[in-house]
Amino acid sequence: QVQLVESGGGLVQPGGSLRLSCAASGFTLDYYAIGWFRQAPGKEREGVSCISSSDGSTYYADSVKGRFTISRDNAKNTVYLQMNSLKPEDTAVYYCAAGMYGHRCSGMEYWGKGTLVTVSS
């Protein structure tokens with residue numbers, strides 16, 4: 001069964017850090033683009049950061065550049081999102097997604113259930 005499971009969400013203070021993990025099962029990430037999306041209350045889902053399967057190129061939304069870092073460990077079939085200098089506006093449910101033909105944050109076909117990140121004092 002193809003599955004993506006996010007973990008690492010929680011409550012963090014502004015300026016703090018958090019690392020999200022996404023573990024894939026039922027398929028290998030070697031040939032898949034994979035990344036993170038988020039949806040804040042009352043807002044549309046947006047692509048946060050993705051990494052390609054071809055050249056390892058990364059994409060970051062302007063709002064998170066310089067603060068978030070995406071990485072993948074194919075041996076562990078896992079992708080991570082290191083989030084630093086967190087802001088209240090980063091509060092959202094974060095979703096992991098993957099696609100064999102994904103480019104940047106487009107073309108994703110598998111989705112996790114999400115993990116909640118709350119940035120608040």
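Since this is a predicted model, take the numbers as computed values, not measurements.
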S.K.: Decide whether Met83 and Val12 are clustered together by the hydrophobic rule: side chain heavy atoms of Ile, Leu, Val, Met, Phe, Trp, Tyr closer than 4.5 Å, transitively.
M.R.: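 They do share one cluster, since a chain of ILVMFWY contacts under 4.5 Å joins Met83 to Val12.
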
S.K.: Please say yes or no: joined through hydrophobic side-chain contacts below 4.5 Å, possibly via intermediate residues, are Val2 and Val5 part of one cluster?
M.R.: no

S.K.: What's the shortest heavy-atom distance between Ala61 and Gly47, and which atoms?
M.R.: CB-O, 3.5 Å

S.K.: Hey, does Ile70 have a side-chain heavy atom less than 4.5 Å from the side chain of Tyr60?
M.R.: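 With C-beta onward as the side chain, the pair touches.
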
S.K.: Quick one: which of Tyr94, Tyr95, Tyr59, Trp111 gives a ring pair (Phe, Tyr, Trp, His ring centres under 6.0 Å) with Phe37?
M.R.: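 The single option meeting the ring pair (Phe, Tyr, Trp, His ring centres under 6.0 Å) with Phe37 is Trp111.
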
S.K.: Following the transitive rule for hydrophobic clusters with a side-chain heavy-atom cut-off under 4.5 Å over Ile, Leu, Val, Met, Phe, Trp and Tyr, establish whether Met108 and Val64 coincide in one cluster.
M.R.: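 No: no chain of side-chain contacts under 4.5 Å links Met108 to Val64.
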
S.K.: What heavy-atom pair brings Thr115 and Leu20 nearest, and what distance separates the two atoms?
M.R.: CG2-CD2, 4.1 Å

S.K.: Under 4.5 Å between any side-chain heavy atoms of Leu4 and Phe27, yes or no?
M.R.: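 In contact.
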
S.K.: Can you name the nearest heavy-atom pair linking Leu81 to Ser49, along with the distance?
M.R.: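 Leu81 and Ser49 have their closest heavy atoms at CD1-CB, 4.0 Å.
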
S.K.: When rounded to the nearest 0.5 angstrom, what is the spacing between OG1 in Thr69 and CD1 in Ile51?
M.R.: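 CD1 of Ile51 is found 10.5 Å from OG1 of Thr69.
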
S.K.: Listed by chain and number, what are the side-chain hydrogen bond (donor to acceptor under 3.5 Å, both in side chains) partners of Ser52, not counting sequence neighbours?
M.R.: Asp55, Ser57

S.K.: Under 4.0 Å between a Lys/Arg side-chain N and an Asp/Glu carboxylate O for Glu6 and Lys113?
M.R.: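 The answer is no: the pair does not qualify as a salt bridge.
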
S.K.: Given Val117, which of Leu18, Leu11, Thr91 fulfils the side-chain contact (heavy atoms from CB on, under 4.5 Å) condition?
M.R.: Leu18

S.K.: Against the six-membered ring of Tyr80, is Arg19 placed for a cation-pi contact (under 6.0 Å from the centre, within 45° of the normal)?
M.R.: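 Yes; both conditions hold, so Arg19 lies above the ring face of Tyr80.
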
S.K.: State, yes or no, whether a side-chain contact exists between Trp36 and Phe68 at a heavy-atom distance under 4.5 Å.
M.R.: no

S.K.: Any idea which heavy atoms bring Leu86 and Arg67 closest together, and the distance?
M.R.: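 Reported closest heavy-atom pair: CA-NH1, 3.9 Å.
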
S.K.: Show the nearest heavy-atom pair for residues Ser17 and Ser85, with the distance to one decimal.
M.R.: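 Minimum heavy-atom contact is OG-N, 4.3 Å.
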
S.K.: Do Ser25 and Gln1 make a side-chain contact, defined as non-hydrogen atoms from C-beta onward lying under 4.5 Å apart?
M.R.: no

S.K.: Within the 4.5 Å heavy-atom criterion, are Thr28 and Asn74 side-chain neighbours or not?
M.R.: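 Not in contact.
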
S.K.: What heavy-atom pair brings Ala98 and Leu29 nearest, and what distance separates the two atoms?
M.R.: CB-CD2, 4.4 Å

S.K.: Counting C-beta onward and ignoring hydrogens, is there a side-chain heavy-atom pair between Arg38 and Ser63 closer than 4.5 Å?
M.R.: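 The answer is yes; the side chains approach within 4.5 Å.
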
S.K.: Within a reach of under 6.0 Å around CD of Glu89, are more than 12 heavy atoms found that belong to other residues, nucleotides or ligands?
M.R.: yes

S.K.: Could you check whether Lys65 pairs with Asp62 (Lys NZ or Arg NE/NH1/NH2 to Asp/Glu carboxylate O, under 4.0 Å)?
M.R.: yes

S.K.: Quick one: disulfide bond (SG atoms under 2.5 Å apart) pairs with a partner in residues 11-65, sequence neighbours left out?
M.R.: Cys22-Cys96, Cys50-Cys105

S.K.: Quick check: does any side chain N or O of Asn77 sit under 3.5 Å from a backbone N or O of Ala24, one acting as donor and the other as acceptor?
M.R.: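 Present.
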
